[in-house]
Structures are given as C-alpha cells and as structure tokens.
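Below is one structure; the comments refer to it alone.
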Amino acid sequence: MKIFVDGKEVIIKDDERNLLEALKNVGIEIPNLCYLSETSVYGACRLCLVEVDGKSIVTSCNLKPYEGMVVRTNTPEIYEIRKGILELLLASHNRDCTTCERNGSCKLQEYAEAFGIRKIRFDNILKDGGMDNKSPIVRDNTKCILCGDCVRVCEEVQGVAAIDIAGRGFLSKVTPAFGHSLSEVECVYCGQCVAYCPTGALSIRNDVDKLYKVLKSKKKVVIGMIAPAVRSAIQEEFKLESDLFIAGRLNTFLKMLGFSKVFEVPFGADLVAYEEAHEFLNRLEKGEKLPQFTSCCPAWVKYVEEFYPSYIDNLSTVKSPQQAMGSVIKEIYSKEIGVSKEDIYLVSIMPCTAKKFEAEREEHKGVVDLVITTKELAQMIKASGIDISSTKPEPFDKPFNLYSQGGLDFGKTGGVLGTVLAVINHKVKVKNVKEEEIDKGIRLFNVELADGRNIKAMAVHSLGKAKRVLKDIKEGILDVDIIEVMACSFGCIGGGGQPYPNDSKIRQKRAKILSDMVNINPIASPQENPYLMELYEKYLEHPLSHKTHEILHTSYSPKRRVPEQDIEILPLPIPEEEKVKVRVCLGTSCYLKGSYKILSDLIEIVRKEEWAKNIEVVGTFCTENCSNAPNVLIDDILISGADTNKVKEMLREYVRRKQEGVSDVS
C-alpha cells in the first residue's frame, strides 16, 4: 500500500493494524504513552495525533491506513497540542524525578526533554493515591498518568484483572478491587504491569540496601546464584551484546562486592528437569494427575492456586530451580564446606518479580534469603563505578558451574519442556518429535517414543494463553500429557525484573542472545552432568526417593484472592443472636460455578417464605475451599458443592432445629 508521509512516498503493508504501527514499522516513531501492540487500542494519551489529508487531526493509534492517504506527523499545530498535553500530564504528576525508580528510563521524562519543557503553566496538584508497598510490586498513584497499559496487560494478556481504573475525572486512579493492596487480591506478581508502565507508578520493591547491609556486617557467608535470563539482559543494559564472557564478569563483580561463592542457576534447572522428568514418567505409567504442569514459574503456580485450584494436583511437586538449588545449598552444600546453614545468606539474582514472592512463601522461608532482580543488579554495577566490560571474567564456583545447554535454555519459553524431554530421551528414547504452533504463544509437540507410546507436550507463555489452554482441557477439546507454562511472554527473559524497555521486540532479541550462548564444555542433557549424578549418588539416592521429596519437592494449596469479608446484601433489623446468617462465597471459583445464582435464589426465598424471615443473606470472600466450589456457610456450617435446593433443604432444617432450641444444630 502506498501512502504519503510528510511529503514523501512510503510503502506499508496492506494488513497493518493501524497507522501508528504502520509508520513504526517503516522507521517513523509517533510519540505515544498508552499504545501497546499486545493489547486493545485505548487512545488515552492523545499524543499520537497526526494530520490526515490536510483536513483533520486524529489519533493514529485507531486509524486504519488506506491507499493514497496523506499524513503529516509534526505540524506546528500538532507540536503545540502535544506539548500542551505533556504539560497537563506533568501538572498532576509527582515530579520528584531524581528519586524515581524510572529516572532515566521514563517515557514521560523522555518526551518532556524532547519537547523542551522547562516550565509548566499549570499548578502542580498531586493526586491522593497513596503508596502500596506491601508486596514485591510497589504502586505510587502520584506518578500514574492513567495510560491504562497496566490494566490492559493484566486483563488482556495475563487474564488476571487484578487492577482497574476506578473513580471519575481528576479522582480517577488505578487500583485493586475494593481499594485493597496488591498483596490482598488476586495479583500473581508476574510484574508485567511494571514492565509496561511508562512512568514510575509501578515499580519493583528495591532490596539493594538489604544486601549491602548484610555484606557490610560480615556476619554471614554470602552466596549468590544467577539465573540465565539475567546475563542476556545485562548485556543489553550495558550494550555488550557480543560479549561472550558477561557471565564470568558478573561473577567477578559479585566477588568484588564481598560474595563468598557464586553459582549458576542452570545447574538447578538441570536438577529440576531431571527430577520432574521422572515424576512425569511415573504419572504417565500410572495414568494419574495428567496433564502434568511444570512448576518453575511462581506466578503460574499462584495463578493455579487462585483461579484453578482443581488443577493444583496437576502441578509438578518439584520446586523451581531457585528453590531447589537453594535447598541443596542450605541442606547439603553447607555441610560440605562446614558452615551452618543458618550462617549462609543466600542471594538469588533473577529476572522476575514473582521470585521475590516465591522466596517469601511460607513453605519456602529460610531457603533463599534475598532475591534481587536484573534491574537491581544493574543499579549496583552503575553505583560501583566499575566498568563491567573491562572486568576480568572468572569461572563460577564448583560444584554448581557445570550444566547442560537445556539448563541454560530455562530462561526462555520451551526451555523447561525441552530439557525434560531430553531426560526422557535418555531414559526411554524419543523416536520422533513433531512441533506445531497452535497460536502465538502456544506450541504443541507430538513426541513418539521408541517403545511405541506417544506423548503430547505443550509450551505456553503468558497467563492469558494458559487460561485458554485450561479451558480447552476442561471442555475436553485438548488432550495433553505435559505442559510448560511461563507467565511472561517469551519466558523469563520477559520477566518484570528486567531492564526497560521490556517489550516484545526486546524480548525476542534477548531470546536470541540466550540461544547463541554456548557453554565452554557443552553437555546435551542433565544426566550427562557429572556433578548432578554425584549429587544423587551421595545425597539424594535416586529420583523420587524419600530424600529428594524432603529436599526438592513441595506442595501447594488453594489461596484466597481477597481478604475474608462480608458484603451486606439482605440485612435484617433484628438482634444478631436471633439471626441465621447465610454467607454465599462470591470468589472467582465459586462465582464461575454458580454461586451468584444461589445468592439470587436465596434472596427470593427470604423475601417470600415465612419460615425464612430471620435469615440474613450476605456475600463473602473467601471460604478457601475453592476445589469444592460453590461454597455456602450457614452460620459456621460449610456446605460445599452447593446448589439452591441443597442449601434450601439444609437451611430449613437448620432454622427448624434452632427454633426448637436444639443445642447442636450442625
């Protein structure tokens, strides 16, 4: 298609989604603060204005290009409008840029500089948004420009919808349900809202000071471990894409800070893949708990616990590489070096915000002491004044410095599944593998084993795609044996702890960097790792042994999505002791299985039937019995798998017995 842009002929694709993307694809960047190619068009910021056919000025994000259109992208009028919009945004924005997490990487700051804004005509009136810093993700509404990027990513890409825009006009703000903090709602801490926020309204909890405090005290033996996705992002951050020795340089840097030992998480990835492959073969043999879901991604695990608790048993019980390796260091390696595990301070360097949450989970406490993200590591390098590119690379410490290429591939989508299949190939022999892309972000593998069996495997990235897969499995449309799920698009390389920008184009580049990295002495699969085999022989005995379950395995349970609370729906003006209170759970699992209909039916019963006149109906969140939804409470009696008739029958009997003065009415 031929169009004319600023007096020049430009050829664009016929199927371009909109003019903004079309121009970007030919090297013309239109200013914008709210456009994401991965989500729906929102059109909130109005910066992407263009003049079309010399007549009207319109937003380019929702304008479909057509043959022969004449576009002007930067007229004096458009310049003035854009500058005015920026001034208005800055008038209600917290302009403490020097202390902002996004200082130097903020799009609003970038545009303010580009448009030469030195003085703002309007008074600076900050929104009263409050600070939410109770979780690994920090929210500061005084820096929010209401672009809606976080809301759309959370809902449309991740399928979580933990946040939304509430209020009107100047009082509008991005907030979780009922004004709660992110720690109290269904947020899975994937950090994609942070990755796409153009300002500092969403950021990662910074724990660098905690690390320096420990290093300064010298009371602990500080041990570090680095995930593979970190190295590719550090290369990008310091413009060292061709540096094959970046991992060794990072090791040297951490030793200069005071780390005693530094290991590589890919060894932990080999360990997890080896154990998980045997777990899968065991399930396949028994025909139970299939499909098996990988459990390396803590955001995915939390997603299952909150939204699909009926599939908790399908999760692999093997810990993530971070926690598995942490357990080996604390329980086994500590004895090897003659140091009490209480005297080890284990620091995990990850690309992921959810890893901070994972280390703080009740079942994992005391394993990994601190998680810092790639961005925090980059901050430490910059603050040190050390030129990382000229640092002499040093090999990582034994015995966790040898790993397979598959272990390195854990940093991108498909890496976990590929390594598990490599272990299966060594044990059973894989005859043939056929790969099929079902959709962008969903790949299906038909694996033919030498013994005649066939395995269907799947690699999925982004929780929104996982949601679709779970729906197809539940409806019987899809039959799969093992599924790898990564919460972030393109896998860990797109984690919320990675440097800005963190869009699809950058993630693909990181994936290529990771694929191009080859070990000095590459080994094909985990079972070829002599250190791993020695670990099993000396301490773990064999896969799925009692010892491995003690050190490498864990368990999961349904998690509440919002704090337990009652919402009055049909209150009664009678003394509390005379009421029969019926609580209907309106949490996600119960709602999807019909709790709202039960609630409506009960309201009608109370209004119409004489025996029910002392019954008060309330909605509640959450009974924490999601796998047996829908749930209803009659006073303190829980009715699981409820329906209207079941509740009505039990309620009538309960009221009768209470009226008769029966002491035990349960």
Side-chain angles (χ1 to χ4, degrees), residues 225-229 263-283 292-301 314-333 346 348 350-352 354-355 358-359 361 363-364 367-368 371 399-427 457 459 482-487 491-492 523-529 531-536 539-545 547-556:
M225 54 182 181
I226 302 180
F263 302 124
E264 289 203 88
V265 174
F267 181 91
D270 275 353
L271 178 62
V272 167
Y274 189 70
E275 188 74 13
E276 194 168 303
H278 285 85
E279 179 187 29
F280 169 66
L281 289 173
N282 184 52
R283 290 189 186 189
Q292 176 174 304
F293 298 124
T294 61
S295 55
C296 297
C297 174
W300 156 243
V301 169
N314 294 76
L315 286 167
S316 166
T317 61
V318 183
K319 296 176 182 177
S320 72
Q322 169 177 278
Q323 297 307 128
M325 190 164 174
S327 297
V328 168
I329 291 170
K330 287 286 183 78
E331 301 297 331
I332 297 175
Y333 181 73
L346 185 56
S348 178
M350 290 282 159
C352 174
K355 287 294 180 184
E358 181 184 52
R361 286 182 65 123
E363 56 267 48
H364 296 320
V367 178
V368 175
V371 177
F400 309 128
N401 64 338
L402 185 64
Y403 45 84
S404 72
Q405 189 62 37
L408 192 62
D409 281 343
F410 263 56
K412 58 188 178 67
T413 180
V416 180
L417 181 62
T419 314
V420 168
L421 291 178
V423 177
I424 292 173
N425 179 50
H426 187 269
K427 189 172 178 64
I482 183 169
I483 303 175
E484 173 207 305
V485 179
M486 292 292 172
C492 300
I523 53 179
S525 58
Q527 61 272 7
E528 295 177 20
N529 188 332
Y531 292 157
L532 182 64
M533 294 299 102
E534 183 182 346
L535 181 67
Y536 270 93
Y539 297 104
L540 301 177
E541 299 170 5
H542 56 81
L544 307 183
S545 69
K547 198 66 179 174
T548 61
H549 273 281
E550 193 177 86
I551 295 177
L552 302 181
H553 291 251
T554 187
S555 60
Y556 304 104

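Bear in mind the structure is a predicted one, so any value in this text is a computation, not a measurement. Heads up: numbering here begins at 1 and tracks the sequence.
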Q | Phe263 and Tyr333: CA distance, side-chain angles, deciding distance, ring-ring contact (aromatic ring centres under 6.0 Å, His included) verdict | A | CA-CA 12 Å; Phe263 302 124; Tyr333 181 73; 5.2 Å; yes
Q | Residue pair Thr294 / Leu315, side-chain heavy-atom distance below 4.5 Å | A | no
**Q.** Any donor-acceptor pair under 3.5 Å from Asn314 side chain to Gln292 backbone
**A.** no
In a table with atom names and distances, give each donor-acceptor pair under 3.5 Å that connects a side chain of residues 273-280 to protein atoms at least two apart or in another chain.
from: Glu275; atom 1: OE1; to: Tyr536; atom 2: OH; distance (Å): 2.5
from: Glu275; atom 1: OE2; to: Leu544; atom 2: N; distance (Å): 2.8
from: Glu275; atom 1: OE2; to: Thr548; atom 2: OG1; distance (Å): 3.1
from: Glu275; atom 1: OE2; to: His553; atom 2: NE2; distance (Å): 2.9
from: Glu276; atom 1: OE1; to: Ser316; atom 2: OG; distance (Å): 3.4
from: His278; atom 1: ND1; to: Tyr274; atom 2: O; distance (Å): 2.8
from: Glu279; atom 1: OE1; to: Ser316; atom 2: OG; distance (Å): 2.5
from: Glu279; atom 1: OE2; to: Arg283; atom 2: NH2; distance (Å): 3.2
from: Glu279; atom 1: OE2; to: Thr317; atom 2: N; distance (Å): 3.0
from: Glu279; atom 1: OE2; to: Thr317; atom 2: OG1; distance (Å): 3.1

Q) Any luck finding a side-chain donor-acceptor pair between Lys319 and Ser295 under 3.5 Å? A) no
Q) Can you find a pair of side-chain heavy atoms, one from Met225 and one from Phe267, that are under 4.5 Å apart? A) no
Q) Heavy-atom distance under 4.5 Å between the side chains of Val265 and Ile226, does that happen here? A) no
Q) Nearest 0.5 Å, what's the NZ-CG distance between Lys427 and Asn425? A) 12.5 Å
Q: With rounding to the nearest 0.5 Å, note down the distance linking CD1 in Ile424 to CD in Gln527.
A: 10.5 Å
**Q.** Evaluation steps, side chain to side chain contact (heavy atoms under 4.5 Å, CB included), between Lys547 and Tyr539
**A.** CA-CA 8 Å; Lys547 198 66 179 174; Tyr539 297 104; 5.7 Å; no
Q.
Between Glu358 and Arg361, does any side-chain N to carboxylate O distance fall below 4.0 Å?
A. no
Q) Are any of the side-chain heavy atoms of Ile332 and Ile329 separated by less than 4.5 Å? A) no
Q. Do any N or O atoms from the side chain of Lys355 and from the backbone of Met350 form a donor-acceptor pair under 3.5 angstrom?
A. no
Q | Minimum side-chain heavy-atom gap Val328-Phe400 below 4.5 Å | A | yes
Q.
Would you say Ser348 and Gln322 are linked by a side-chain donor-acceptor pair, where the criterion is simply a distance under 3.5 Å?
A. yes
